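What follows is a set of notes on a single structure, which appears directly below.
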Amino acid sequence: MALTNFLIEGGAPLKGDIQVSGSKNSALPILCASLLIDGPLTLRNVPDLEDVRFLLEILRLLGVESVRNQDGSLSMEVKDTTQTVADYDVVRKMRASVCVLGPLTARRKQAKVSLPGGCVIGVRPIDLHIKGLSALGAVMQEEGGYVIADGSNLRGGRVYLGGAYGSTVTGTANILMAATLAKGITIIEAAACEPEVLDLANFLNRCGAKITGAGSPRIVVEGVERLTGRDYTIIPDRIEAGTFLIAGAMMHSPIRVRGAELDHLAAFIDAFEHAGARVTVDPDGALVPHLDKLVATDITTLPYPGYPTDLQAQMMAMLTLADGISVLTEKIYPDRFLHIMELNRLGGHIRKEGPTAIVQGVKGLSGAPVMASDLRASAALVLAGLAASGKTEVLRIYHVDRGYEKIEEKLNAIGARIKRVEA
Ligand code: EPU
């Protein structure tokens, strides 16, 4: 893969409308759910991202055909059910591919999926996924770096999914997907409440599943014989929406963020307001950020409906410019702070103390070369680069391409000056 960087000329004012794409973290498990489904299905609002393209390739290897239609929708259908293995090479590159585990176990009765290992944002085990599938009667084994599941005797069960850092989003998705085809009733306690879990449940119900309570900590699933392909539209990406709102506030710019779902942004907007910013809703539903004066605020990331970890880095970029000292605490990934060093290279004044970042606001940032380390950290560096004086080069922006659809095109269309350059 050619290494690509962003060259950002800071300080350009933003103005105009920016559209939010479909949610990455909804799309990925829903794409995996295709493994459960008989007959063709069509998904709308699936973002065109590296992670999506990569997952479609994994699904192709597992016998799922997919095609992007002219109108942008994605048609999918299972054509071959013989494959049951997801290799280390695949899962290592994208953790969300672990979401094939539940569907393969339920539909093909066998799965061999590589243990994903850690990544730059933390350890990220899958013990809760394994516990959940075991509670549904799957025989789970770990061998040679793989988790091997035998789902021959899958049936409904009761499982508690709370862990040291709260529930698990993709773990809830895995158990939910397996339970749809497991005979009897499954009760998931301490389920993740993220809108992406609700979206998955809505999609599965559209295809004939019997799921109630999704979006709450208690999900009940009555197993059905089969699921049938239908049309479904993925929810908007709340993290992308929050990232754009921060861009507008940092640049004191009157932008309009279109297509976002306000209901999914409550904790973000609360924190935004504490930092001296506001969001108003235009008559056509567009969200408009406003800022009088940035002030320091304290934020703790928590499972939904708490403040999302996926917007921690971007909010930190904004708070580098706030008046006073902000304290940002990570309760989901205590080590998700690689962006601190890079934000400091741009003139930020941030110190890490355990799972907490202490941000002393500065008057301004100045451009420098910085290194993207993970998806959300990269977005934070792009935001900081927009606000900094002079030129910022963000190295390794393939991270940002994994989860933001055409981010530089979208931002340039509202006035940013971002160039994609070969390293
Ligand atoms: N955890 C366990 N055991 C498990 C599973 C998780 O201890 O079996 C821990 C994790 O280590 C972490 C916490 O529980 O400390 C929450 O992890 P979770 O399983 O909820 O994360 P995930 O499902 O792997 C999804 C998103 C992440 C997002 C997290 C938290 C997808 C594809 N990924 O990951 O998104 O940060 O939930 O909201 O949905 C991103 O988009 O940049 C991203 C990393």
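None of the values given here were measured: they were computed from a predicted structure. One is the number of the first residue; the rest follow in order along the sequence.
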Working note: T243 + V382, criterion side-chain contact (heavy atoms from CB on, under 4.5 Å); need CA distance, chi angles, decisive distance, verdict. CA-CA 10 Å; T243 305; V382 170; over 6 Å; no

Run the salt bridge (Lys or Arg N to Asp or Glu O under 4.0 Å) check on E65 and R60 step by step: do they pass? CA-CA 6 Å; E65 260 183 18; R60 190 185 67 75; over 6 Å; no

Is the backbone N or O of [Y] less than 3.5 Å from a side-chain atom of [X], with the two atoms forming a donor-acceptor pair by type?
X    : Y    : value
K131 : I126 : no
E194 : E196 : no
S114 : P116 : no
H252 : G248 : no
D237 : K24  : yes
N412 : E408 : yes
D374 : V120 : no
D87  : D89  : no
D71  : S73  : yes
T301 : K331 : yes

Applying salt bridge (charged side-chain N to carboxylate O under 4.0 Å, His left out), name anything that partners D48, two or more places apart in sequence or on another chain.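 Checked D48 against salt bridge (charged side-chain N to carboxylate O under 4.0 Å, His left out); matches are R53.
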
Contacts of R417 that satisfy salt bridge (charged side-chain N to carboxylate O under 4.0 Å, His left out) - sequence neighbours left out: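 Expected list: E9.
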
Step-by-step side-chain contact (heavy atoms from CB on, under 4.5 Å) determination, L411 to I18: CA-CA 7 Å; L411 288 168; I18 190 161; 3.9 Å; yes

How far apart are the C-alpha atoms of H290 and V279, what are their side-chain angles, what is the distance that settles it, and do they pass the side-chain contact (heavy atoms from CB on, under 4.5 Å) test? CA-CA 6 Å; H290 305 268; V279 175; over 6 Å; no

Describe, in one word, how the ring planes of Y307 and F268 are oriented to each other, choosing from parallel (under 30°), tilted (30 to 60°) and perpendicular (over 60°).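 Rings of Y307 and F268: tilted, 30 to 60°.
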
Yes or no on salt bridge (Lys or Arg N to Asp or Glu O under 4.0 Å) for R256 and D17, after CA distance, side-chain angles and deciding distance? CA-CA 5 Å; R256 293 174 5 112; D17 287 15; 2.8 Å; yes

Give, for atom CZ of F337 and atom CD of E330, the distance between the pair rounded to the nearest 0.5 Å.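 One gets 5.5 Å once the value is rounded to the nearest 0.5 Å.
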
Salt bridge or not for [X] and [Y], using N-O below 4.0 Å?
X    : Y    : result
K410 : E240 : yes
D401 : R420 : yes
D310 : R336 : yes
R278 : E273 : no
R238 : E261 : no

Going through the checks in order, is the side-chain contact (heavy atoms from CB on, under 4.5 Å) test met by H399 and S373? CA-CA 7 Å; H399 289 293; S373 54; 5.7 Å; no

Can you give me the closest heavy-atom contact between F6 and I397, atom names plus distance?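 Distance-wise, the nearest heavy atoms are CD1-CG2, 3.6 Å.
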
Looking at every non-hydrogen atom in both residues, tell me the closest pair between L204 and A33 and how far apart they are.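 Result for this residue pair: CD2-CB, 4.0 Å.
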
Is R206 close enough and on-axis enough to F203, meaning under 6.0 Å and within 45°, for cation-pi?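 So R206 doesn't make the cation-pi contact.
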
On the six-membered ring of Y146, is K112 placed so that its NZ or CZ lies under 6.0 angstrom from the centre and within 45° of the ring axis?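 Verdict for Y146: a cation-pi partner in K112.
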
Here's a test for you: under side-chain contact (heavy atoms from CB on, under 4.5 Å), which of T170, I188, T168 qualifies with I175?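 Going through T170, I188, T168 one by one, the side-chain contact (heavy atoms from CB on, under 4.5 Å) with I175 is satisfied by I188 alone.
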
